[in-house]
Amino acid sequence: MTDALADWCASRLGDLAAEDLLRTVVPLETPSGPRIRVAGREMVLMCSNDYLGLAADTRLAEAAKRAADEWGTGSGASRLVSGATRLHAELEARLASHEGTEDCVLFSSGYLANIGTIAALVGPGDTVVSDALNHASIIDGCRLSRAEVRTFPHADAEAAAAQVAAVRGDDVTRRILLVTDSVFSMDGDIAPLAELAHACRENDAWLMVDEAHATGLFDGGRGAVHAVGVAGDVDVLLGTCSKALGSLGGFVAGSRALCDWLRNRARSFVYDTSLPGSAVAASLAALDIVQTDDSRRRRLHEHTRRLATSLTSHGWDVMPPSAAIVPVVVGSAADALRIGEILWEHGVFARPIRPPTVPAGSARIRLCPMATHDTDDIDLVIEAFAACRREIGR
Ligand SMILES: *Cc1c(COP(=O)(O)O)cnc(C)c1O
């Protein structure tokens with residue numbers, strides 16, 4: 001280690017702090033749940049993607065323990081070498097049947113699924129058409145692919161269709177991949193999936209949808225693609241086991257040929273050690289729950305609606321939630337930090353979201369209720385926002 005490197009890092013960190021953009025890691029002292037202890041304080045957790053409260057559910061933990069007893073803690077190699085077990089195959093089959101596709105391929109995370117899949121499907125000479133607010137892992141996948149990338153304004157189906165048509169008009173042979181989040185992670189809205197699917201059909205383009213914030217939250221525990229009725233038009237359906245499913249792992253569901261191609265050519269599948277059996281078993285247990293237990297989703301959606309309605313009526317700039325993300329836009333990074341601090345003082349753990357995660361001037365508090373919160377928890381959040389208004393006069 002050289003002093004020069006440490007000096008450079010320290011100086012860049014100083015710049016971030018001066019712009020209110022410094023980020024720090026805050027370790028929890030209890031598992032993910034509706035209420036947690038952090039820095040010695042009991043807080044209501046409002047910024048976890050563990051929407052259904054499954055990440056610390058004893059049924060998942062029991063399944064993981066049994067799998068650890070049977071399969072150990074590490075898988076030892078990538079799936080193509082010696083890292084494949086019966087459990088991996090079982091989860092792939094279960095996910096394929098859940099999504100109504102021929103096959104499914106499991107990656108170690110959603111991030112790895114995105115970068116490996118996009119780079120395996122398009123390359124130099126091809127085009128990716130991508131929503132401006134797509135997740136960082138999609139953006140990184142586009143860059144890795146070295147395909148031409150055209151972004152369209154967020155959720156603007158007309159602009160997307162025009163781009164796809166223009167690219168196809170120029171070149172009848174190139175591959176075109178249109179890629180979008182279904183539920184957007186920082187805005188909480190749903191992509192215009194039916195219109196995007198139509199544009200792809202008309203122009204011989206492939207449609208890839210990232211359901212990271214949707215899987216488990218809609219009817220039957222599926223995502224927005226099924227809720228909107230476009231499942232038959234989605235060529236590449238990507239999801240994660242790390243959010244509503246309370247475990248770890250990413251997946252791509254689609255045709256058998258697509259999945260076999262990814263098993264051969266997605267570098268983040270080929271060269272990455274496979275998930276341990278414990279994580280896979282926890283995902284299997286989560287699927288059992290999300291497919292049968294509608295009550296969790298109902299409670300989650302009630303909390304989401306109440307938070308959004310109540311904060312809006314108190315004058316906050318709330319983006320209308322389509323799934324379970326309630327973004328409260330406050331403006332500058334400094335305002336978001338200040339409001340985050342006041343919420344903290346009132347027992348609410350909800351971290352400010354600042355650039356570059358969101359565009360400058362739209363820093364926000366992103367609230368994520370959980371199915372396992374009770375109404376008192378939600379009341380406490382609403383009360384904490386009221387306290388913010390009193391303290392900073394918003
Ligand atoms: C979280 C997220 C991912 C990454 O999934 P992980 O399993 O956490 O790696 C991918 N896409 C979107 C839209 C996400 O929100």
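These values consider heavy atoms only, across backbone and side chains, with no hydrogens, waters or symmetry-generated copies. Both counts, for ligands and for their atoms, begin at 1 and track the order of listing.
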With rounding to the nearest 0.5 Å, note down the distance linking CD1 in I342 to CD1 in I392.
-> 4.5 Å
Can you name the one residue among V234, L207, D233, V230 that meets side-chain contact (heavy atoms from CB on, under 4.5 Å) with L193?
-> V230
Distance-only side-chain donor-acceptor flag, H213 / Y51, under 3.5 Å | yes
Quick one, list the residues around ligand 1 where some non-hydrogen atom comes in under 4.0 Å, by chain and residue number.
-> S109, G110, Y111, N114, H135, S137, D181, S185, D210, A212, H213, T240, S242, K243
Parallel, tilted or perpendicular: which describes the rings of H301 and F218, with under 30° parallel and over 60° perpendicular?
-> tilted
Can you tell me if CH2 on W261 sees more than 12 non-hydrogen neighbours from other groups inside 6.0 Å?
-> no
Does V270 share a hydrophobic cluster with I118, counting links as ILVMFWY side-chain heavy atoms below 4.5 Å and allowing steps through other members?
-> yes
